[in-house]
Amino acid sequence: MVQSINTKVDLVIDATSHLGLTDYGKIMIGDKGFEFFNNRDPRKFIQIPWEEVDYVIASIMFKGKWIPRYAIQTKKNGTYTFSSKDSKKVLRTIREYVDPDHMVQSLSFLDVVKRGVKSTFKK
């Protein structure tokens with residue numbers, strides 16, 4: 001069994017990890033970090049201490065009515081993407097431990113297309 005890094009747990013919620021193949025499990029947010037534990041395989045887990053979190057990136061749809069997924073960008077190990085049943089509750093809990101300036105909104109589809117068109121004309 002995996003040992004948790006948290007001493008106090010604020011939120012436990014069902015979630016999906018989009019790292020490679022989708023894994024279903026639970027997200028645990030506590031005083032020491034962000035954790036994801038797989039339901040089926042106890043060896044598949046993700047533990048991210050709060051000191052390692054660089055940015056939290058949220059994909060926002062319909063003017064904030066729906067947040068389908070969010071990502072945690074770390075300082076050394078890349079980006080981890082997750083989705084959960086109540087994304088707003090998860091992001092509000094994360095906001096207690098991560099600076100709100102480091103919680104950003106991802107680019108929309110049209111913004112990505114605009115950047116691509118601009119970069120082709122710059123060359």
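Side-chain atoms are counted along with the backbone in the values below, which use heavy atoms only and exclude waters and symmetry mates.
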Next item on the list: Could you tell me whether the side chain of Ser59 and the main chain of Arg69 form a donor-acceptor pair under 3.5 Å?
Entry: no
Check: Is there a side-chain contact between Ile94 and Met103 (heavy atoms, below 4.5 Å)?
Finding: yes
Item checked: Evaluation steps, side chain to side chain contact (heavy atoms under 4.5 Å, CB included), between Gln73 and Ile57 -> CA-CA 7 Å; Gln73 182 176 351; Ile57 305 161; 3.6 Å; yes
Check: Sequence neighbours excluded, which residues qualify as salt bridge (charged side-chain N to carboxylate O under 4.0 Å, His left out) partners of Asp10?
Finding: Lys8
Check: Is the closest side-chain heavy-atom distance between Leu19 and Ile46 below 4.5 Å?
Finding: yes
Notebook entry, point to check: Under the 3.5 angstrom rule, does the side chain of Lys89 hit a backbone N or O of Ile13 as a donor-acceptor pair?
Noted result: no
Next item on the list: Dump the intermediate steps for side chain to side chain contact (heavy atoms under 4.5 Å, CB included) on Ile29 and Val90, then the final yes or no.
Entry: CA-CA 8 Å; Ile29 300 173; Val90 171; 3.7 Å; yes
Checklist line | Asp23 versus Phe36, closest heavy-atom pair with distance | finding: O-CZ, 3.5 Å
Margin query: Under a 3.5 Å threshold, yes or no: a donor from one side chain and an acceptor from the other, between Glu52 and Asn77?
Written below: no
Check: Taking atom types as modelled and ignoring hydrogens, do the side chains of Thr74 and Asp54 form a donor-acceptor contact shorter than 3.5 angstrom?
Finding: no
Next item on the list: For the residue pair Glu35 and Ile27, establish whether any side-chain heavy-atom pair is separated by less than 4.5 Å.
Entry: no
Item checked: Proximity of Phe82 and Phe34 rings by center, below 6.0 Å -> yes
Next item on the list: Hey, could you give me the OH/CD distance between Tyr97 and Glu51, rounded to the nearest 0.5 Å?
Entry: 12.0 Å
Check: What residues, two or more places apart in sequence or in another chain, satisfy ring-ring contact (aromatic ring centres under 6.0 Å, His included) together with Phe45?
Finding: none
Next item on the list: For residues Asn38 and Tyr24, report the shortest heavy-atom separation together with the two atoms involved.
Entry: OD1-O, 2.9 Å
Check: Taking the side chain as C-beta and beyond, is there a heavy-atom pair between Pro68 and Met61 under 4.5 Å?
Finding: yes
Notebook entry, point to check: When rounded to the nearest 0.5 angstrom, what distance separates NZ in Lys75 from OH in Tyr55?
Noted result: 10.5 Å
Next item on the list: Please tell me if the side chains of Leu91 and Ile67 come closer than 4.5 Å, counting only heavy atoms from C-beta onward.
Entry: yes
Note to self: So which atom in Gln47 and which in Ile5 form the shortest heavy-atom distance, rounded to 0.1 Å?
What the structure shows: OE1-CG2, 3.7 Å
Margin query: When you compare the side chain of Met28 with that of Leu11, does any pair of heavy atoms fall below 4.5 Å?
Written below: no
Note to self: Please check: side-chain N/O of Asp14 versus main-chain N/O of Lys26, any donor-acceptor pairing under 3.5 Å?
What the structure shows: no
Item checked: Validation row: Thr16, His18 side chains within 4.5 angstrom (heavy atoms) -> yes
Check: So do Thr79 and Ile72 actually touch side chain to side chain, heavy atoms under 4.5 Å?
Finding: no
Item checked: Pairing residues for Tyr70 by the side chain to side chain donor-acceptor pair (under 3.5 Å) criterion, not counting sequence neighbours -> Ser84
Notebook entry, point to check: Under 3.5 Å, side chain of Gln105 to main-chain N/O of Ile60, donor-acceptor pair present?
Noted result: no
